[in-house]
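These notes concern the structure reproduced below.
Computed from a prediction, not measured in an experiment: that's the story for all the values here.
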Amino acid sequence: MALMRRRGRKASGRRTNLALLVLLPVGVATGLFSNTIGTDWLLDPATIHGVVALAIAVLAPWKSMIVRRGLKRWTPATWISLTLLILVFATLATGLLHATGYQNKLGPLTVMQVHIGSALISLVLVAAHFRAHPVRLRRQDADRRVFLRTAGLASAASIGWISLEAGLDGLGLVGGKRRFTGSHERGSFDPARMPVTSWLDDRTQHLAAEDWRLRVGDRSLTLADLSRLPQQTITATLDCTSAWYSHQDWTGVRLDQLIDLGDHRSLAVRSATGYGRRFPARDLRNLWLATHVGGEPLSPGHGFPARLVAPGRRGFWWVKWVTQIEPSDTPWWWQLPFPAT
């Protein structure tokens with residue numbers, strides 16, 4: 001009887017590890033994907049991300065028993081297991097804090113930075129953990145009992161997610177008003193309250209209006225030249241990967257008034273910092289070079305003298321301090337999903 005119990009515990013532990021081996025990468029992938037989408041889908045990656053996170057939390061009691069048994073057989077790989085456990089806990093805790101609307105910093109980092117950093121490091125440690133403790137599929141992993149347990153886990157996580165969202169909304173918490181990307185509203189139609197953020201190692205540029213030049217193809221334009229072109233004001237939502245969004249009225253020049261791409265496949269937009277993104281040629285009529293927000297000139301932090309406005313795209317596409325717009329024969333997708341710097 002004792003032997004059967006040990007075998008049962010071992011099988012349960014193996015399946016728990018197998019489930020986590022699937023769920024953790026899926027959680028990281030859906031989290032990263034939800035940081036790239038700019039338009040609402042029928043089923044949002046952020047929702048799947050939340051359900052997967054709760055499924056991991058549901059498995060926590062079973063995983064804790066495996067960890068306790070492992071501590072009795074201390075090996076160098078145990079450090080990997082313990083570190084992974086701490087990082088997964090940090091990822092889940094900061095994700096929950098963000099969902100409720102907690103936006104304060106944890107030391108020098110934001111809650112979202114801790115969340116993303118913990119998740120990415122966890123993924124590396126999952127690979128190391130799997131190398132030390134390999135888990136392989138077996139024929140019995142596809143039996144009816146496993147299917148029912150998997151369905152039960154998915155149901156519990158889905159119900160938990162629905163309950164969490166209903167609770168946030170019912171209590172009137174900030175988290176109940178998150179956008180489909182998971183971002184929280186900040187400073188809509190009040191540019192002075194809109195956060196100032198930049199990508200990784202970019203720093204706010206303080207450019208003099210009289211010295212600024214915009215290279216468009218083989219032309220060089222001044223700010224005065226730009227102001228003489230047909231201006232439009234549009235309402236567009238800046239949704240930053242720092243987990244905030246802001247609705248604003250942006251005024252500027254639509255890019256098809258600035259450049260004719262001809263047969264070129266894409267459009268390259270570059271900042272004074274060297275930061276840049278490439279856009280498909282078909283987007284030309286849906287991109288603006290804005291010089292004003294809320295009826296006032298852009299501040300340095302928001303991209304003065306001119307920044308790109310790209311409705312339907314996340315904030316890292318909205319290039320600030322634009323100095324160059326060039327046609328390109330390189331496909332728009334031939335770039336990293338997220339800029340390296």
Using modelled atom types and a 3.5 Å cut-off, is there a donor and acceptor pairing between side-chain atoms of [X] and backbone atoms of [Y]?
X	Y	value
Arg314	Ser34	yes
Thr241	Asn35	no
Gln335	Arg278	yes
His302	Arg307	no
Gln113	Thr110	yes
His49	Leu32	no
Ser271	Lys320	yes
Gln231	Leu226	yes

Applying side-chain contact (heavy atoms from CB on, under 4.5 Å) to Gln257 and Leu229, what does each step give before you reach the verdict? CA-CA 8 Å; Gln257 302 287 327; Leu229 295 173; 5.7 Å; no
Rounded to the nearest 0.5 Å, what separation is found between the [atom1] atom of [X] and the [atom2] atom of [Y]?
X	Y	atom1	atom2	result
Thr181	Asp239	OG1	CG	3.5 Å
Glu185	Arg179	CD	CZ	11.0 Å
Arg254	Leu289	CZ	CG	13.5 Å
Leu82	Leu125	CG	CG	11.0 Å
Thr273	Asp202	OG1	CG	3.5 Å
Asp249	Ile234	CG	CD1	9.0 Å

State, with a plain yes or no, whether a side-chain heavy atom of [X] is found less than 4.5 Å away from one of [Y].
X	Y	result
Pro305	Thr291	no
Thr222	Arg213	yes
Thr91	Ile56	no
Leu106	Val111	yes
Asp283	Arg313	yes
Ser299	Met194	no
Arg178	Leu168	yes
Leu261	Ile259	yes

same_hphob_cluster([X], [Y]) at 4.5 Å side-chain heavy-atom cutoff:
X	Y	result
Trp333	Leu267	yes
Ile116	Val114	no
Leu164	Met112	no
Leu92	Leu123	no
Val58	Leu23	yes

Let me have the donor-acceptor pairs involving side chains of residues 204-212, under 3.5 Å, with sequence neighbours excluded, atom names and distances please.
| unit_1 | atom_1 | unit_2 | atom_2 | d |
| --- | --- | --- | --- | --- |
| Gln205 | NE2 | Arg203 | O | 2.9 |
| Trp212 | NE1 | Val322 | O | 2.9 |

Which residues share a salt bridge (charged side-chain N to carboxylate O under 4.0 Å, His left out) with Arg215, sequence neighbours left out: Glu326
Would you say Asp329 has more than 12 foreign heavy atoms packed within less than 6.0 Å of its CG?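 Yes, because the 6.0 Å sphere around CG of Asp329 holds more than 12 heavy atoms from other groups.
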Could you tell me whether Phe89 atom CZ has more than 12 heavy atoms of other residues or ligands within 6.0 Å of it?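 Incorrect, the count does not exceed 12.
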Between [X] and [Y], what is the shortest heavy-atom contact and its length?
X	Y	answer
Ala290	Val309	CB-CG2, 3.6 Å
Ala281	His264	CB-O, 3.7 Å
Arg186	Gly101	NH2-O, 4.4 Å
Asp260	Gly262	OD1-N, 3.1 Å
Cys240	Thr197	SG-OG1, 3.4 Å
Leu287	Ala310	CD2-CB, 3.6 Å

Under the criterion side-chain contact (heavy atoms from CB on, under 4.5 Å), I'd like the reasoning laid out for Leu255 against Leu308: C-alpha separation, chi angles, the key distance, then a yes or no. CA-CA 9 Å; Leu255 290 200; Leu308 198 68; 3.9 Å; yes
How about Thr94 and His115: does a side-chain donor come under 3.5 Å of a side-chain acceptor? yes
Pairing donors with acceptors under 3.5 angstrom, does anything connect the side chains of Ser188 and His247? no
Residues 303-329 vs ring pair (Phe, Tyr, Trp, His ring centres under 6.0 Å), sequence neighbours excluded, gives Trp199-Phe316, Trp250-Trp318, Phe279-Trp317, Phe316-Phe338
Output, in order, the C-alpha distance, side-chain angles, deciding distance and verdict of side-chain contact (heavy atoms from CB on, under 4.5 Å) for Val88 and Leu20. CA-CA 11 Å; Val88 170; Leu20 290 172; over 6 Å; no
